Structure formats: structure tokens, C-alpha cells
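The block underneath contains the structure these notes are about, expressed in C-alpha cells.
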There are 2 protein chains.
Amino acid sequence: MSQLPTLRQLQFLIALAEHGSFSRAAEAVFVTQPTLSAAIKELEMTLGTVLVERGARGAVLTHAGEAVLERAQRVMAEAEDLVIAAQAAGEPLSGPFRLGVIPTIAPFLLPKVLPTLRIKHPKLEVFLREDLTERLFDGLRERRLDAALVALPYESPLIETKSIWSDEFLFACTPDHPLAGRKTLDPSMLEDEPLLLLEDGHCLRDHALAACSTGTARSDFAATSLHTLVHMVKSGLGATLLPRMAVDAGLVDQMGLEVMPFDPPVAGREIGVAWRKGSARAEEALQLGEAIRESLTGQA
Amino acid sequence: MSQLPTLRQLQFLIALAEHGSFSRAAEAVFVTQPTLSAAIKELEMTLGTVLVERGARGAVLTHAGEAVLERAQRVMAEAEDLVIAAQAAGEPLSGPFRLGVIPTIAPFLLPKVLPTLRIKHPKLEVFLREDLTERLFDGLRERRLDAALVALPYESPLIETKSIWSDEFLFACTPDHPLAGRKTLDPSMLEDEPLLLLEDGHCLRDHALAACSTGTARSDFAATSLHTLVHMVKSGLGATLLPRMAVDAGLVDQMGLEVMPFDPPVAGREIGVAWRKGSARAEEALQLGEAIRESLTGQA
DNA sequence: GCGATGCCATAGCTATTATCTATGGCATCA
DNA sequence: TGATGCCATAGATAATAGCTATGGCATCGC
């Protein structure tokens, strides 16, 4: 069995590749140039291959160096994951946690949930990022996020999800709408009803359309947020579907709109937590989802 | 940024988990018990978590320890891959190379190819393993093999392939067969022709059936190798399809059988090289395939 | 009970090596 | 042709990885 390189050596190689010069790379990793120089030489010795072409204008990786660099980055990333996983396993739901939330959930869920979360997990520091599902998932894949709250179903490679809450859709319209005044509604009644929806890219748009397969979207107008959406409904541009969570949070209060549920089986969307497959904080993501569910049922 | 653990510490942890005792683990990695003890303690310090429960009857990993262990094994595997990749990049096609070959290729291809390979790449030490495709692919996934020569198409997760050679199918029958004496053959002529084939599991069986979609396999007899197959044909049990490579290698010499090609477009199978996705020797696998192709065309 | 045994932790020492400072050689560029 | 920037080497030192010896503490067999 051949000798293994040191993580430190790999770290130095990565810095060297990044900065293209022994001296600057050394500076970047807070050692002196001879130290880094010796470490790279040592690495080349243990690997039995020249990794770097030294020149007067700096250093360039050889072909073998590039191959090693790629794997070195993987090894370092795995090692860093290990550290995070260890900390997470030692004390779950503590420390900085980068959570993405989609815009149709964030303003209605977070005010309810964050205070309880802060009490139950005082060591947890939640950093929030609001964005569309696809971009949140990109963030998960690129390790910029630890977890995300999104609406399901939503398939995406390398992403795993767990549903934590069912969010029912409600029909919203002006009082002079033909369907106004009803207690409940059947999706089939929305046939030929031009629905006002969010812009393309918002998963709520697709989920709403899926919920009432008979309804059609107005193609001439679309809203950029749920708040503007209800205002557009109010001004007579059409009816829409709203998540109950948003209505409960007071989205349509004092708007003078009619809001009614559907007959069972109730149409809706699932709210769930998502994480990168193999993430060091996958377990924590699940626990966070559970904590959110509890805090929702606790004060529902 | 938190301090990273050492590969050595991870190695110690893996040994400890495997042996369940500090003393025996230490022995296994050729250090003394206090050394390993100190290293594990140091690891626990840098991770900020207790990984091991010390008891009088040995050591057991904590929950966090299990989580770290799993990732530690990944990191170590990646690091070992890095070493191999470096050596491969430094001097491709050298050193030990574990090559799997399916039984319907091995006896006919290897005698042609291995001698040239030995001359062109004298430092390459090829270790051969003959088995069915699926088991070879298992070997690739479990890192017991570096590459495999198989017949394509053959989809399998985590496996990548590259075709290197087209192997035409030939029709073989006894001289008293109705189709005997023809120059060429159309697949449609095999309708209702009961074909004698290899046992289930051999991809050649499936590829042969795919080549002539009209033909049907005899379900009462099946051969375990191409050599027994031709003997069974000879004894009148039925006709069959043989890869040209095997015929060229003398499979039916002095057997008194009729062998004829198909009309274009010629039916056949692709012979290709396969490797584990992300393998440290993926590049070498490709090069090996290229070398084999060259050695085939060189003396075809 | 009570040594005997096996296991892990600690202490103190040593050898190794990682890192630093200082310096030299060698290209490139003004 | 000096000046500059870059990497390699040398020598000294601090950090640490490892070893030997030993102690404490359970468990087990008698």
C-alpha cells in the first residue's frame, strides 16, 4: 500500500492551482513560500509524479496535476463535510444553518415558525434566502444552502425531499363573481374560468393549475407575488387560487374578497423540506422539518 | 474555518471501528495503543464531539462516531483514488490492472491482443477475471476491477462504456440444414428457426435474439460456453448464431459446420470497454480500449 | 471475595517533521 | 544591464507524532 498524501498537502495544491504562484498561494494559506514549496515537493514525491511546472512567471499544473487537483478538491470537500456532519451529529440543530424558502411560503410560514424555533433551538442561527425552487435547489447542490422549504412535488436530480405539511388551496374572487357566496367548490366548476396566477417560474402557478386540471391560466396577466396577486383579483382581473397558509396569515384581510374551500378530496400542495443527497446536514434538515411541523400544529 | 482532521486520524478511526478495541486497532495499523488512543482523542477534540464509548470490554462508536465513520471511509477511498489517479496520469497503462472479460470474448480476443499489449506497454500487468457482465459490473462498482471488456449495449448504473469494435454475427448450422449452402442470409429467414443459444445470463444470448428479432430460442437446451454450443449444433440439436470473432479464432475449424454471414445491414454486437463512473483509471480504461482496437486492426 | 487478566489513559521522553528566516539562482522586463 | 519577481536551498526551531513504562479500572474465573 502506497503512502497517502496529507490533507494539508492537498489544500496547498488547491491553493497553488488557484493562485498560479507558490508565493501567492503560500500567502493565501498563511504559510511561507518555502513551506508550501516543500509541501508540494513532498506531495510529488509520495505520488511519484510531477504535478507542477515551475517557471519564472509562476507555476502551472501539469496534466497529472490537473487530474490530482480535481480529486483533491473532492477529498477536501468530503473532509469538510465530515467535520460538519460530526458537529451536526454531536449537537443537532445548532450553529449557522442556511435555509432557503420559496416566496409563496416565506412571508406566511416564517413569522409563525421562527420564534418557536428560536426558543426550542437557541443555538441555531438560521440564515434565510428567499428564491424560486430551482434556484434554491441549485444552492443546495452547490453547498450554498443546507436545506430549503419548498412546495412538493418537485423532482430534481441529487435533491431529496420530505413532506412536512399539506397546504390546501382556496378559491378567491370578488363578491360579484358568479361563484361568490358558495360554501364550497368543486374543481370542475372552474372550467373556462380564466385564473389569475403568479408568473412563470413560481411553482405555485404549476401546482395551482395541477390542482384544478380544468382551469386555465390567463395568459395576458400574471402577478409577481401573492400580495400583488390579491390586489389584481380585487381590481377585477380574475379569480385565483390561494394557499390556505397565506390566507390564514391574513393575506386577504380587509380586502373584501370572497374565499372558499374546495370539496373533498381537497386540492392543495405539499410543503416539504429539501436537501442535497448525501449532505452532511441531511439529518438536521429532517429534524428542522419536524420542528416546523410541530410548531405549526402547536398553534394551528 | 474549523480545523480539519488528519487522514491518519480517520484511518485510525476506521481501524478502531473495525476491531472494536484500541489495542487491536493499533496493532492493525502498526502503531502502539497509546499512539492510537491519543490520535482518536485528538480527532474528537478537533471535531468537538465524542466519537467512541470507552469500556472495559473494548470500544464502541457513538452515534456521532458512526456518522463520522461513514464519511471517513468515503474520504479515505477518495484519497486512495487520488493516489491511483496520480500514478495513472503520470504513467498511463502501467502497473497492476485488473481487467474483467466476458466468457464469449475472452478466449477469442485475448490470445490476439495480450501479446501486442505486452510489447506496447511492458510495464502493464494485466490481471484477468472472466465472468458474466453483471458480475463484472459489480466488480467495477466495488472497485475490485479497473475495467471490463463486455458486449454492448448493456446499461447499468454507475457504469460508463465505450464501444471499440463491432462483432458481426454469423449463422452456423449442419450441412444438412435447409439453409445450408447459401452465400448470405437475411434475418427474416430465421423465422420459426429454433435457435440453440447460451444459457440465460450470457449477454450473447440476448444480443443474438435481438439481432434476429424473428428467431426464437430453443427453451429445452442451452449451452454453457461457445465451445459446447458448436458441439451441440454439430450433433444436430439446432442452428445458432456465432460472433465472427470466435469463428475467426478457429471456433468451428474442422467441425464440418456451415457458417454464413447475414446480408447488410449486418447484425452483430458491439464490443466495448467499461469502467466505473469517476474511476481513477477511467482514462486508462479508454486507452486500453484504444490499444485493443489497434491491435485488432493491426492484424485483422 | 480476590487475584488475574485485559483494556484504556497518562506521563515523560525521543524522533520526526512541519515551519520559519535568510539567502541564492535564474529567468523576465524596463 | 540592473531591477524585479519567483522558486529552491540551507539551517535553525518549534510542534507533534510516536514509543516505553506505568497506573487505574473494570470483568472474569476460582
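What you see is a predicted model; the values in this text were computed from it and never measured. Letters A, B, ... mirror the listed sequences (proteins, then strands); counts begin at 1.
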Would you say A:Ser279's side chain and A:Arg281's backbone share a donor-acceptor pair under 3.5 angstrom? yes
What contact category does A:Thr32 fall into here, base, sugar-phosphate, or nothing, at under 4.0 angstrom with non-hydrogen atoms? base
Minimum heavy-atom separation for A:Asp81 and A:Ala280, please, with both atom names. O-CB, 3.3 Å
Whole angstrom value for the distance that separates P of C:dT19 from CD of A:Glu27: 17 Å
Nucleotide C:dT10, atom P - distance to CZ of B:Phe22 in whole Å: 11 Å
N/O donor-acceptor pair under 3.5 Å between A:Asp146 side chain and A:Arg98 backbone: yes
Where the side chain of A:Glu53 meets the backbone of A:Thr62, is there a donor-acceptor pair that is under 3.5 Å apart? no
Between C1' on C:dT17 and CZ on B:Arg8, what's the gap in Å once rounded to a whole number? 14 Å
Name the first nucleotide and the last nucleotide along DNA chain D (5' to 3') that come under 4.0 Å of a heavy atom in chain B. D:dG18 to D:dT27
Give A:Ala38 one of three labels, base, sugar-phosphate or nothing, depending on what nucleic acid heavy atoms sit under 4.0 Å from its own. nothing
In whole angstroms, the gap separating P of C:dT19 from CG of A:Leu43 amounts to 13 Å
Nearest-angstrom distance from the residue atom CD of A:Gln33 to P of C:dC20: 11 Å
Check: A:Leu4 and A:Thr46 side chains under 4.5 Å, non-hydrogen atoms: no
May I ask you to say what B:Glu42 touches in the nucleic acid, namely base, sugar-phosphate or nothing, with a heavy-atom cut-off under 4.0 Å? nothing
Do the side chain of B:Glu44 and the main chain of B:Val52 share a donor and acceptor less than 3.5 angstrom apart? yes
By nearest-heavy-atom nucleotide on DNA chain D, the more 5' of A:Lys41 and A:Arg57 is A:Arg57
Which residue lies toward the 5' end of DNA chain C, B:Ala59 or A:Phe12, if each is placed at its nearest nucleotide? B:Ala59
